[in-house]
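What you see below is based on every heavy atom in this structure, not just the backbone, and it leaves out hydrogens, waters and symmetry mates. Every chain is numbered from 1, with letters handed out A, B, ... down the list of sequences.
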Amino acid sequence: MEALKAAGHRPYGRAFERTGSLADIRAAFAEGLSVRMAGRIVAVREMGKSIFAHLQDGTDKFQIYVQKNTLGEEPFAAFRRLDIGDFIGVCGELFVTRTGEQSAKVHRWELLAKSLHPLPEKWHGLQDVEIRYRRRYLDLIANPDVRKVFNARSRLLSFIRRFLEARGYYEVETPVLQTLAGGAIATPFQTHYNALGQAMYMRIAPELYLKKLLVGGYDKVFEMGKNFRNEGLDRSHNPEFTALEIYEAYGDVKTMMRLVEELISSAAQEICGTMLVGKEEQEKVNLTPPWRVVSYHDLVKEHAGADWFERPVEAVREWGRAQKLDIPDTMTHAQVTHEVYDKLIEKTLWQPTFVTRLPAELVPLAKRCEDDPSLVDVFELVVRGRELCPGYTELNDPLDQRARLEEQAAGDASKLDEDFLRALEYGMPPAGGMGIGIDRLVMILTGEESIRDVMLFPQMKTREPKPDETPEE
RNA sequence: GGGACGGUAGCUCAGUAGGUAGAGCACGAGCCUUUUAAGCUUGUGGUCGCGGGUUCGAGCCCCGCCCGUCUCACCA
C-alpha cells in the first residue's frame with residue numbers, strides 16, 4: 001500500500017463514472033468500443049509483459065487485459081502491485097480473445113479501494129458455514145450462488161407488494177415496540193423505554209393492530225415486516241423473522257385459501273419461472289393450483305384407520321405407542337390424535353396441502369365451524385412436510401373473544417389488550433386473515449433447507465463473553 | 001437441555017504409532033505479451049478453538065469449557 005501511495009495512487013478513490021455495469025457492457029458488447037468499467041479484482045493471471053484479470057461487480061464478471069506497451073512502464077508496474085480483492089476502475093477497448101472470451105484491453109486504470117485482507121480461495125470458495133453466516137459479505141463475494149437466493153428473496157418481497165396492491169390491499173405499518181405483546185402465544189423480547197420509564201416489548205405479531213384497522217374501515221390490509229420471538233434457534237426458527245399478515249373484511253377462510261394459492265403459485269412462476277420448485281437432488285414441490293384440500297379428521301382417518309374416532313381412548317393410545325410415539329396414559333383422545341398428526345402425518349405432506357377444520361382447542365382465536373362447534377374454520381397450509389401458513393375466519397364476537405383471551409391470560413389482567421377488545425365492541429366486519437412466514441416461503445421457492453441460508457445475517461451466538469452476563473444458573 | 005460429529009496458515013484441507021507443523025490457493029521475489037483453477041523457480045506465513053491433566057515428549061490420549069453443523073427435546 002505504501003508503495004502504491006508513493007507511486008501517486010490514492011488507496012481509496014472517489015466516484016468513478018462508468019459506461020455501465022459489467023452486465024450492461026456485456027449486453028452492448030461490440031469489438032473496438034471504448035468503455036469505462038469498474039469492479040473488484042477476483043482473479044489475476046500474470047504472463048510477463050501482459051496480465052489477464054477478472055473484475056466483478058454486482059451484476060457480472062468481466063475479463064480485462066493489461067499490456068505493458070499499451071499502458072507504459074510505470075502504470076503497468078503499479079498494476080502488478082494490486083491484489084485480488086482490490087476495486088479498480090478502468091478505461092479500455094472491447095475485444096475478443098483467442099479463446100473467444102469477451103474482454104477489455106486496458107488503456108488506463110485507477111485504484112478505487114484497496115483490500116487489506118486476502119479473499120477466500122477462488123476454487124473451493126468459502127465453505128466454513130460459521131464464517132459464511134457471521135461474515136456474509138465474504139460469502140457473497142466467494143460464492144456467487146448465494147447471491148441468487150437473496151436476489152430471489154428481494155424479488156419475492158417486491159412481487160408480493162405488487163400482487164396485493166393490484167388487488168386493492170393497502171400496505172400499512174403498525175408498532176413494533178409495544179407495551180403489550182399480543183396476537184400470538186410466544187415469549188416476547190423485553191426492553192426499556194427511558195423517557196417513559198416503562199417496560200416495552202418487541203412485537204410477536206401485528207395481528208391485533210391490523211384488526212383494529214378493519215374496525216377503522218380498512219377492508220383489505222396487509223403488513224410485511226419483522227416479528228420477534230424469544231425462543232430457540234434451529235433450522236426453521238430465527239428470533240427475528242419476516243411475516244406477512246393479510247386481512248380482508250367480508251371474507252373468510254375460503255377467501256384466504258384462494259388468495260394464498262394464487263399468491264404463492266404466481267410468485268413461483270414469476271421468480272423461479274416454473275411452479276415446480278426445489279433443488280435438483282430432492283423431490284420437487286409442485287405449486288400448480290388447485291392444491292389439495294383435506295380436513296384434519298379425514299387426514300387422520302386416512303393414516304390411522306377409518307374408525308379412528310370411534311375407537312376407545314385406550315385403543316388409540318396403544319396404536320400410537322405401536323408407532324413409537326411417546327403417549328402417557330393421561331392423554332385424551334384428541335391429544336393422541338394431534339400427536340399422531342404432528343409427528344406422523346404432517347411430515348408426509350410434501351406437496352402443498354390445505355389442512356382444514358382443526359379442533360377448536362388447537363386454535364383458540366378463530367371462529368367455530370357452523371356445522372360443528374368443536375371445530376374451527378381455519379386452514380394450515382403444509383408444504384414440504386412443514387406448516388407454512390395458517391389462515392382463519394377471524395373471530396369478531398367481542399364477548400367470545402374476551403372470554404378466550406381471559407382464559408389465555410390466566411387471570412393476569414395486565415396481559416389483556418383492552419383497547420383491542422374495545423375496538424371489537426365497536427364492530428369488526430366478518431373477515432378472513434392469514435399469515436405467511438416469508439423466510440419459509442423463500443426456503444420453499446429456493447429449495448434451501450435452513451432458514452439461515454435465506455437470511456442475510458442470521459442470529460448467531462456471540463463469541464466473546466457477553467458484556468452484561470449475569471451469574472444466574 | 002441431551003446425543004453424534006467437527007474447529008490445524010487469510011481460505012480449502014492433510015497430519016502416520018504420542019517424537020522438529022504440511023500441501024494447494026492467496027501474499028512477496030524471479031521468468032513468461034491471448035491467459036482463464038495459466039505455468040515454472042523460490043520465499044514468507046501457525047495461540048493446532050480455550051483452559052487444565054497424563055507423559056521425558058501432546059495437533060493426536062484424558063477432563064472441563066467455548067463456537068458450529070446435524071439430531072432429539074422444549075417452544076408454536
Using the [atom1] atom as the point on both nucleotides, what is the distance between [M] and [N], in whole Å?
N	M	atom1	value
B:rC61	B:rC5	P	12 Å
B:rG3	B:rU20	C1'	39 Å
B:rG15	B:rG1	C1'	35 Å
B:rU16	B:rA73	C1'	41 Å
B:rG51	B:rC56	P	23 Å
B:rG10	B:rC72	P	36 Å
B:rG45	B:rG28	C1'	11 Å
B:rG59	B:rG18	P	13 Å

In whole angstrom, what separates [X]'s [atom1] from [N]'s [atom2]?
X	N	atom1	atom2	result
A:K461	B:rC66	NZ	P	7 Å
A:E73	B:rU33	CD	P	13 Å
A:M47	B:rC40	CE	P	13 Å
A:E46	B:rU33	CD	P	11 Å
A:I451	B:rC75	CD1	P	19 Å
A:E380	B:rA76	CD	P	14 Å
A:R440	B:rA76	CZ	C1'	9 Å
A:L325	B:rC72	CG	C1'	14 Å

For [N], the Watson-Crick or wobble partner whose two distances fall under 3.5 Å:
N	value
B:rC32	none
B:rG43	B:rC27
B:rU69	B:rA4

Identify which nucleotide among B:rU33, B:rC11, B:rC70 has an atom closest to any side-chain atom of A:N69, counting heavy atoms from C-beta outward. B:rU33

Give the nucleotide from the list B:rU34, B:rU35, B:rU12 with an atom nearest to the side chain of A:F95. B:rU34

Answer with base, sugar-phosphate or nothing: what part of the nucleic acid does [X] contact at a heavy-atom distance below 4.0 Å?
X	value
A:D342	base
A:D128	sugar-phosphate
A:G125	sugar-phosphate
A:I131	sugar-phosphate

Salt bridge [X]-[Y], side-chain N to carboxylate O under 4.0 Å:
X	Y	value
A:E318	A:R321	yes
A:E93	A:K105	no
A:R292	A:E302	yes

Let me spell it out: for each of A:Q127 and A:A43, pick the nucleotide of RNA chain B with the closest heavy atom. Which residue's pick is nearer the 5' end? A:Q127

Judged by each residue's nearest nucleotide on RNA chain B, which is more toward the 5′ side, A:R135 or A:K49? A:R135

Please determine, by modelled atom types, if [X] and [Y] share a side-chain donor-acceptor pair under 3.5 angstrom.
X	Y	result
A:S374	A:R357	no
A:Q335	A:R317	no
A:D252	A:Y392	no
A:Q323	A:H303	no
A:W291	A:T353	no
A:E245	A:Y247	yes
A:Q102	A:E31	no
A:T174	A:E223	yes

I'd like to check the side chain to side chain donor-acceptor pair (under 3.5 Å) partners of A:Y201; sequence neighbours left out, ordered by chain and number. none

Can you give me the closest heavy-atom contact between A:V277 and A:I444, atom names plus distance? CG2-O, 3.5 Å

For B:rU35, does the base pair up with any side-chain atom of A:T97 as donor and acceptor (N or O, under 3.5 Å, distance only)? yes

Donor/acceptor link under 3.5 angstrom from A:R98 side chain onto base of B:rU34: no

Can you pull out the residues from [range] that lie within a 4.0 Å heavy-atom distance of RNA chain B?
range	answer
residues 59-68 of chain A	A:Q63, A:Y65, A:Q67
residues 326-333 of chain A	none
residues 228-241 of chain A	A:R229, A:E231, A:R235

State, yes or no, whether a side-chain contact exists between A:V35 and A:R18 at a heavy-atom distance under 4.5 Å. no

Interface polar pairs with nucleotides 23-26 of chain B, N/O, under 3.5 angstrom:
from, atom 1, to, atom 2, distance (Å)
B:rG24, N2, A:E121, OE2, 3.4
B:rC25, O3', A:K122, NZ, 3.4
B:rA26, OP1, A:K122, NZ, 3.1

Verify the contact: side-chain N or O of A:R45 to OP1 or OP2 of B:rU34, cut-off strictly under 4.0 Å; return yes or no. no

Residues A:E394, A:K367; criterion salt bridge (charged side-chain N to carboxylate O under 4.0 Å, His left out); working and verdict: CA-CA 6 Å; A:E394 300 295 344; A:K367 217 168 198 173; over 6 Å; no

Name all residues meeting the salt bridge (Lys or Arg N to Asp or Glu O under 4.0 Å) criterion together with A:K122; count only those two or more places apart in sequence or in a different chain, and write none if there are none. none

Between A:F95 and A:Y65, does a ring pair (Phe, Tyr, Trp, His ring centres under 6.0 Å) hold up when you go through it step by step? CA-CA 9 Å; A:F95 75 107; A:Y65 179 53; 5.8 Å; yes

